[in-house]
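All values below come from the heavy atoms of this structure, side chains included, with hydrogens, waters and symmetry mates left out. Residue numbering restarts at 1 for every chain, and letters A, B, ... go by the order of the sequence lines. Keep in mind it's a predicted model, so treat the numbers as computed, not measured.
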Amino acid sequence: MNDANPVLSVDKLHKAFNGKTVVSGLTFDLYPGEILALVGENGAGKSTSKNMLCGLLAPTGGEILIEQQKVAEVDGALHGISAVHQELSLFKSLTVAQNLCINDLPGSNLNIDWSKAEKIARKELDFLGVAIDPQALVGDLGAGKQQIVEIAKALLHANKVLILDEPTTSLTKPEREKLFAVMQKLKARGVAMIFISHFMDEVYQMADKYLVLRDGQQVAAGELAKTPRSELEALMVGREMTQSQIELAPPQNQVSLAVRQLTSCHFNQISLNLKKGEIIGIGGLMGAGRTELAEAISGLRPAQGEIYIGGKFIKRPSLATMLKHKLCYVTEDRRGLGLFPQRSVKENMTAANLSNFVQPLFRGIGFKNEQAAAQQVVDKMNVVLPDINSAVSHLSGGNQQKVLLGRWLACQPEILILDEPTKGVDIGAKLDIHKKIAALAASGVAVLLVSSDLQELLDLSHRIIVMRTGEQVAEFNRDAFDPTKIIAAAASSAYAKETS
Amino acid sequence: KEIRIGLAVDQLFESRVAENNAIKAAAKKRGFQIIEVVADGDAQTQNAQIQSLISQRVDAILVCAVDQNTINGALMRAQRARIPVIAYDRKLPNERVYQAYVGPDSVQDGFLAGQHMVKQLKDHSGEILVLELLGALNDQNGIDRSKGFQQALQALPNAKIISVPTDWDSAKALAATQNAFQANPSIKAVFAATDTQIPSIETVLIGLGKAHPVGHPKHIVVTGVNGSNDGYQATKKGFADGIVVMNLDQIGEKSIALAEKLIKKQKVEKNHVVAGYFYHSGNIVKNKDKIWGAGQ
Amino acid sequence: MKEALSNQLKQNPAMPMLAVLMILFSTLSPYFFDAINMESIAANNAVILIAAVGMTLVFLTGGIDLSIATVISVSAVMAGVIMGHTDNVLLGVLTAVSVGAAFGLLNGFLIGFLGLSPFITTMGTQLIARGIAFSVSEGIAVQGTPEPVIDFGFALVMGIPKITLVSFAVLLIVGFLVALTSWGRYIILLGSNPLAARYCGLNTRWLELSVYLASGILGGIAGFISIANLGNALPGVGDTLLLIIIGAVVLGGTSMNGGEGSLTKTLFGVAVLAVLTNGLNLLGIPFYDQLMIQGALIFIGYSIAMRLNQAKR
Amino acid sequence: MSFKLLFKQKWLPIAVAALLMSIFLSFVSPAFLTLTNFESVLVQASVTAIMAVGMTFIIILAGIDISVGAILFFVSSLFAQTLNTTGSVALAFSAAVISGCLLGTVNGLLIVRFKVTPLITTLATYTIYRGMALHLTSAQNIPVPREIGWMGNGSFLSIPVPVWWMLVFTVIGIYLLSQTRFGIYCKAIGCSAQSAKESALPINRVNILAYAIGGLCAAVAALILIARVGGLQSGIGIGLEFTVIAAVILGGTKLSGGSGSVAGSVIGAIFLVLIDNGLNLFNASPYIYDIVRGFVLIVAVLVDRVSVIKNQPNALKFKTSSEGN
Ligand SMILES: Nc1ncnc2c1ncn2[C@@H]1O[C@H](COP(=O)(O)OP(=O)(O)OP(=O)(O)O)[C@@H](O)[C@H]1O
Ligand SMILES: Nc1ncnc2c1ncn2[C@@H]1O[C@H](COP(=O)(O)OP(=O)(O)OP(=O)(O)O)[C@@H](O)[C@H]1O
Ligand SMILES: [Mg+2]
Ligand SMILES: [Mg+2]
């Protein structure tokens, strides 16, 4: 493979925002059919590197060579480089087919052949093996499906280099496998790929080479086959990672949250008892209705059925009443539903629970102490940021996630509903967050954990409930956890409703 | 020392420009300098502009108010600064704030136009529908023209007046005329508060096949006030019956003459009404010189 | 101190524009820094400043209030009528404020609770307000303004018109509410991302209602001040102000899309427009040319200021 | 078109509102349901409707154009002045159309080149264009001969020419929006400028073209209006921009951009004319005109809102950000 010429060479690439260096010394060669894993902690500069390589940001130093030609400015479409962006770059008011084909619409300028576009879209989606209606509006799809559309869009134009920036964060196991199969096909076709991920399993499964960034510096590069996993992790984090198993304290007997026969158009007859100090994981495939269930319990969506908190029937669930009962919900869609993009990290941190952060002069007046209190949370969550007063949209994806989590953890919840809490968070930070959740549970907080990361569910839950197309199909206790069975329950249509 | 006169204008449109030109011509004759400010229809702006004239210490202020009542404040400041104020075209209700007024007699102008219409319609029996295109609802001249017109029409007890607002806007006048004729196909006469709307009326009547010249049995009586070229052309070709034309030249001449006297600290009379003049198809050629819009 | 100044410069694109205009006009016209002229600029922009404060609040939430200018007219007319009959100034103030509040409540209910589009809704209430103002006054200024109100319009405190002081007081109070209360924080968050605001448990409906209510009340106050400034209540006084108000707020740097902006910005935006129109008048530039110069200066000034702003960031 | 698809159309609510309004008017006024009245409603709507077609693209792009009224004024002035001084009809017409496109293009160029928000840019050009027009004519009215007024007064196949123009612009607009790259790019850019940048769409070219089309529409509207009014009236068209924007928004296009409908804008323009038509037919008191207009506008958006709630039961609870405006 290496006898060919590199399709992409990068030499001492450098990027600074207002004099603050974010990436420096990035140097590598990428050959056709090769997969390079770009790894590093949150805020290490991975997405920034990607943006420079696909022409969205102009580098402040270094050079980029494409097929050994030095290019002043990368033009993705012209140079055959396409990317799956960490934050979805889709047009929500357009259909799936329109989104997929927007860069290369069939037909002429003055007469687009929409039926052909639809065919192209259908073919591409079939290639990925997912059932998405090409005529559906992207805004109407769930987060997972949107991610697939984003991937499909990039694949459609990947003829030389494809950059995937955390493509799997919203995908469940089967979809991940499908994506990997497609990547293998592309690899065989000679397409070179740069794969950014925080999942070490995936990195080892897919990539040939690695490149480690730490604080914007390229600290190591090499062949994955020759590097043991612990060494790579140490390179990333700058310390040895202890593969410690999370210790879960046993739940208490009191029931914190009881849900009876909860039903809406997205899910059907869901019942569960969440005890104090218990962590229940909810597994399932994309579109199983887990997010909808979590939102319904939090009072954000209407649903029939009964919800009890601490044995008390909640008559008209709304987010405000739930908050009063110290139930907090952390959304999976941090960009759309979670953060206030132009506002500062400080304001984002305190948005849900301002009164706890400040020492007001009178009720509702004055923000004394806000900065210091928010800074404490930032430190506790290890958020990497230039300044607590800078806009949250300037943070890296994983750090944005930490801000969101920090906001809700600071509310001192008694019941915590987490939807994909570690989406885009690096391995070190993830372990920290897991420990924090376990500690919270140990102190009596009841946790409902929705996650597409099966390992996370296995590590962190006392019980796992599996949902499939809105139905509650299986339940596993910690001692009976079995990944294959869980996946089977989530995916198979033959798997009968059972509890183990 | 050169004499400078501040000219505070409400808004620029055809007849106002003609009037201002008359003022400027009269000023030029005497070697006065004119400092013109235009408020663009905004009372607040005009208030500020008059104050800026005061801070420039002009020798006299000629003002056509956006609104008659709202420049009191600025004009009182002018009194304090001992700058004489002459209101032109629009009268001011507060006698204390100005030294002289020169302008049209809008009630009389409306009355003259109405009188001619009554003459044309008096032989009709049964209910006579008359369409009145109002000016802007907040313009005293428009309100006065309407008042005079309606007074004149009291001579026809069987006339019924349909009034529609136009904000002096020809496009609105066009739509309003069209709709009024839809609702009341038997309208016999149209009065336009400004004759610049007569071409719009013509468009509608041509579309309805009702544009018959003066003298035709089915002719629809059209009169108006102002004296622009639009009215002149329409009357000349017999579409309109007659127009009341404002004597802008005299308004211009008189206001500068008054200013001169006031600057020389001479006593002047307060009110100077310059009556309009009615012309019709019969005497239009003879009166061409008096019609400011007719051109040379 | 120096840092604070450069911070202000960074945040307020209109500030350098203001400085340049003031230097320009004072060199070109000896009358510019005249006390009478400064007084006139200050007095004649009090109404605009108060209304612009209201519009800024609405912009912060990502809405728009097209009715604010006409609310000025209708509340002025109503207050004028009441004062004409009773000669009671306090009653006049109350009337102006409550008429403004009524329109604000109507807007707020329709937009916050029924979820109607702010643009069309406030356009509708604008027309209603205009219709009421004109039918109550029959189109002409309401007579019989009590003397104390007219005197108030003329009165100066240390060379500053009292009505200007009122507008500054309004700016300070609302500025305090926006910068230092949780209500202020919440409306900005709402404007930044309404869905996220909901997911934070903020009561978005009440917040929206409160903002339109506030802008209505400010319109009412502006209406009363316009009586003091002009000497009479005028049914068309606000109509021409709408574009000026919107222009001043946006020129100051507050975004129409919500979530970004401040009242300091609005103060500078109003000041720039005020100085610009005043200066062009003083220079005796013909009206048509004034229009062209004004447009060009606004555009050039804004784009240069934006550029400076970005370069510094 | 299937039933389900019909219910997804953005123009549906305003069409329903217009229909209800028509039914109401035909019950209370016998003059309403006549062919000539129908014709005159369409003719009156044509100017706003044609400008609304252009504005639709601009608003879908998440832009706004305050200057269209001023463009209309300038184009009319140039047309009348050219005709007056040269007497050449062909020259006047081409000057009008070219200048309209040009002024629109200038808007677009300024916006993309200097990255100043569309509101400020077009507010500035609004004053500039208006000043230019006044300069050109010294605020005089200029009559145009009735013979060349076929744009506004003629008819073809017994349908008035303005209605033909409205039809042509509507059809072209619908086609442009749904079938061409330009149309789909407008929606995409308006939906998310960031994503459009990431997808390397020709953002600048699309913007310039959209504003140029807005200018062209204003120019054609100007030719119709000047012919119908019988000449240039100083200040013609100023203030029309808000009516045009209202028509577009009533038609289901969101001020925040991303999606919209040309047909809706045209129906919105007709709806606005229906209000005034009804008021005139009733011989209503001049003072209640604005009050009625205001009420009807609010009722119209209520109809729109009700339809949204019907389509998505929890819409009231779930006011999405894109519905903000
Ligand atoms: N527009 C910007 N302005 C200023 N700083 C920025 C900007 N974008 C990114 N940064 C900073 O650059 C650094 C690197 O960000 P980047 O998004 O590349 O991280 P990342 O490696 O992708 O992290 P993650 O794994 O969390 O996605 C971060 O510290 C971030 O705060
Ligand atoms: N904003 C939305 N509007 C309409 N339908 C939606 C929306 N979001 C999700 N849905 C629908 O709800 C169903 C479940 O969505 P979703 O994919 O979010 O489920 P999930 O179980 O939370 O999966 P995941 O969290 O893995 O994405 C899907 O059928 C999806 O089409
Ligand atoms: Mg990243
Ligand atoms: Mg989900």
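Between D:I142 atom CD1 and B:E14 atom CD the span is 9.0 Å, to the nearest 0.5 Å. In this structure, B:K172 NZ and D:D276 CG are separated by 8.5 Å, a value rounded to the nearest 0.5 Å.
Annotation: residues 220-231 of chain D contacts chain B through D:L225, D:A227, D:R228, D:V229, D:G230 [non-hydrogen atoms, separation under 4.5 Å]. Inspection of non-hydrogen atoms places B:T196, B:P199, B:S200 of residues 186-200 of chain B under 4.5 Å from chain D.
The number of heavy-atom neighbours closer than 6.0 Å to CZ of D:F93, taken from other residues, nucleotides and ligands shown, is above 12. In the displayed structure, D:W165 atom CH2 is contacted under 6.0 Å by at most 12 heavy atoms of other residues, nucleotides or ligands. The 12-atom threshold is exceeded at NZ of B:K237, counting heavy atoms of other residues, nucleotides or ligands nearer than 6.0 Å. More than 12 heavy-atom neighbours from other residues, nucleotides or ligands sit within 6.0 angstrom of NZ on B:K24.
Within the 4.5 Å cutoff, no side-chain heavy atoms of B:S170 are placed close to those of D:I236. Using a 4.5 Å cut-off on side-chain heavy atoms (C-beta onward), D:N141 and B:S228 make no contact.
Heavy-atom pairs under 4.5 Å with chain D peak, among B:A180, B:A176, B:G207, B:A171, at B:A176. For the options B:N229, B:I162, B:L208, heavy-atom pairs under 4.5 Å to chain D are most numerous at B:I162.
Using a 4.5 Å cut-off between heavy atoms, B:D169 makes no contact with chain D at all. Heavy atoms closer than 4.5 Å to chain B are found in the backbone of D:S138, but not in its side chain. Contacts of B:L134 with chain D are made by side-chain atoms alone, with heavy-atom separations under 4.5 Å and no backbone atom involved. In this structure, chain D has heavy atoms under 4.5 Å from both the backbone and the side chain of B:L12.
With no hydrogens or angles considered, a side-chain donor-acceptor pair links D:Q44 and B:N179 at under 3.5 Å.
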